[in-house]
Number of protein chains: 2
Amino acid sequence: MKGGRAGDPAHDSLRARGLRLTAPRRLILELVQATDLHPSATTVYQRVRRRLPAVSLATVYRNLRMLAVHGLLAERADAAGMRFDGRPSPHDHFTCVVCGRIYDVPPLAAAGVRRALGASTGFEVLDHRIEFSGRCARCRGRKGRSPRTKEDLWRAKSSKAPGVFRT
Amino acid sequence: MKGGRAGDPAHDSLRARGLRLTAPRRLILELVQATDLHPSATTVYQRVRRRLPAVSLATVYRNLRMLAVHGLLAERADAAGMRFDGRPSPHDHFTCVVCGRIYDVPPLAAAGVRRALGASTGFEVLDHRIEFSGRCARCRGRKGRSPRTKEDLWRAKSSKAPGVFRT
DNA sequence: GTTGATGCAAAGAGTTTGCACGTGT
DNA sequence: ACACGTGCAAACTCTTTGCATCAAC
């Protein structure tokens with residue numbers, strides 16, 4: 001009764017693959033796609049509960065993994081666990097060592113590097129990912145300033161995402 | 001009585017930082033530095049036990065982390081947990097989707113990409129890492145063949161590492 | 001009505017930690 | 001001898017799974 005109907009992009013993506021569009025699943029997908037903060041499962045869970053208080057953490061995990069398997073989300077391993085990325089389109093990442101934010105950055109010089117590697121090794125390069133790290137624009141300003149906790153803003157407050165690049 | 005003495009590179013590296021050179025610590029460092037298979041803590045543990053049967057898993061974890069903090073090893077996050085890399089020098093990685101091996105590859109086209117990112121974003125790029133994936137040379141041969149378990153060879157057999165690139 | 005999805009709780013896997021004892025320097 | 005390192009076991013965190021129930025189609 002609260003689930004989506006035809007015409008909804010999420011609905012169509014799921015139904016086209018023979019997957020059911022349940023309310024938790026739909027919300028989880030929407031939330032992850034609506035931010036570029038690469039949230040953890042727990043963070044998604046906390047956000048989901050604000051609109052669907054009965055949803056369990058297990059359901060969040062099951063859906064995140066399933067959506068990733070079907071290519072609607074991408075998974076990233078992190079020292080603290082898995083992170084989820086709502087944009088499966090090719091792009092790279094920049095992690096700010098000061099504030100901990102993970103920014104999406106456009107694919108800069110992919111093809112040439114991949115070709116070079118394939119030529120020199122005989123490996124068949126199917127995919128690649130570049131992880132940059134350093135200090136982001138807003139953290140270059142302040143001195144040795146407070147490492148603001150990464151996604152606390154998103155988890156706790158509104159769904160306004162910082163939004164740096166949309167790849 | 002069984003630990004190293006002056007003149008040993010590992011001994012010097014540790015002592016120079018005020019760290020003690022115990023037998024487990026020395027062996028752990030040597031094992032990780034001697035392979036490019038990026039072993040997990042459990043894998044290192046299994047290898048350590050073959051020469052020092054009394055060493056505990058906790059000690060392996062403590063030493064791996066401590067050695068990483070002091071820059072003698074590098075840590076990598078993986079879906080299955082942490083991996084350890086004995087070569088802190090800059091290099092990239094290629095993960096074979098068939099056999100699961102993680103190969104070291106030489107740094108191919110770093111500088112230009114970093115400069116481009118800095119110029120277009122205002123970010124100060126301090127480091128980067130490229131993760132390639134695909135099928136390695138030896139797996140391109142066989143058809144849709146058996147995903148040989150990653151580092152079983154090293155864990156179970158001799159310390160002969162496949163050795164692809166030495167960066 | 002079927003079949004897959006969910007909630008709950010329990011189980012797993014990887015990693016960390018408290019404490020008393022052992023050991024490098 | 002002193003301080004750090006170690007073994008053991010318990011604790012913790014993140015993630016997965018079994019099962020009865022519920023709901024999308």
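Scope of the values below: all heavy atoms of this structure, side chains included, with no hydrogens, waters or symmetry mates. Letters A, B, ... mirror the listed sequences (proteins, then strands); counts begin at 1.
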For the atom pair CG (B:Leu37) and CG (B:Leu31), what is the distance rounded to the nearest 0.5 Å? 12.0 Å
Given 3.5 Å as the limit, does a donor-acceptor pair link the side chain of A:His38 with the main chain of A:Asp36, or not? yes
Please determine whether a side-chain nitrogen or oxygen atom of B:Thr59 lies at a distance below 4.0 Å from atom OP1 or OP2 of D:dG7. yes
Side chain A:Arg51, main chain A:Leu27, donor-acceptor under 3.5 Å: no
Would a 4.5 Å heavy-atom cut-off, applied to side chains only, mark A:Asp104 and A:Asp85 as touching? yes
A:Leu67 side chain reached by A:Leu14 side chain, heavy atoms, under 4.5 Å: yes
So if I take every side-chain heavy atom of A:Thr22 and compare against D:dT6, D:dA24, D:dG7, which nucleotide ends up nearest? D:dA24
Choose from D:dG5, C:dC8, C:dG14 the nucleotide whose nearest atom is closest to any side-chain atom of B:Arg25. D:dG5
Given side chains that start at C-beta, do those of A:Arg26 and A:Leu29 come closer than 4.5 Å, heavy atoms only? no
Among D:dT15, C:dT25, C:dT6, which is the nearest nucleotide to the side chain of B:Leu21? C:dT25
In this structure, how many angstroms lie between the P atom of D:dT15 and the OH atom of A:Tyr45, rounded? 14 Å
For the helix from C:dG1-D:dC25 to C:dT25-D:dA1, how many degrees between its two end axes (five pairs per end), to the nearest 10°? 40°
Which pairs, with at least one residue in residues 67-76 of chain B and sequence neighbours excluded, count as a salt bridge (charged side-chain N to carboxylate O under 4.0 Å, His left out)? B:Arg76-B:Glu131
Are the side chains of B:Arg25 and B:Leu19 in contact, using a 4.5 Å heavy-atom criterion? yes
Side chains of B:Arg49 and B:Tyr45: donor-acceptor distance under 3.5 Å anywhere? yes
Options D:dG7, C:dT15, C:dT6, nucleotide nearest the side-chain atoms of B:Ser56: D:dG7
Tell me which of B:Leu57 and A:Leu57 sits closer to the 5' end of DNA chain C, going by the nucleotide each one is nearest to. A:Leu57
Check the phosphate of D:dT15 against A:Tyr61, side-chain N and O only, distance under 4.0 Å to OP1 or OP2. Yes or no? yes
Picking from C:dG7, C:dT15, D:dC8, the nucleotide nearest the side-chain atoms of B:Ala58 would be D:dC8
What is the distance from CG of B:Leu52 to P of C:dT23, rounded to the nearest Å? 13 Å
Rounded to the Å, how far apart are A:Leu14 CG and D:dA23 C1'? 16 Å
Contacting residues from residues 62-77 of chain A, given that a heavy atom lies under 4.0 angstrom of DNA chain C: A:Arg62, A:Asn63
Going by modelled atom types, is there a donor-acceptor pair between the base of D:dC25 and the side chain of A:Arg20 at under 3.5 Å? no
Reading DNA chain D from 5' onward, which residue's closest nucleotide shows up sooner: B:Leu19 or B:Arg49? B:Leu19
Output the rounded distance in Å from CZ (A:Arg26) to C1' (D:dA24). 14 Å
Check whether the ring centres of A:Phe123 and B:Phe132 lie less than 6.0 Å apart, and answer yes or no. no
For the pair made of CG in B:Asp78 and P in C:dT15, what is the distance, rounded to whole Å? 10 Å
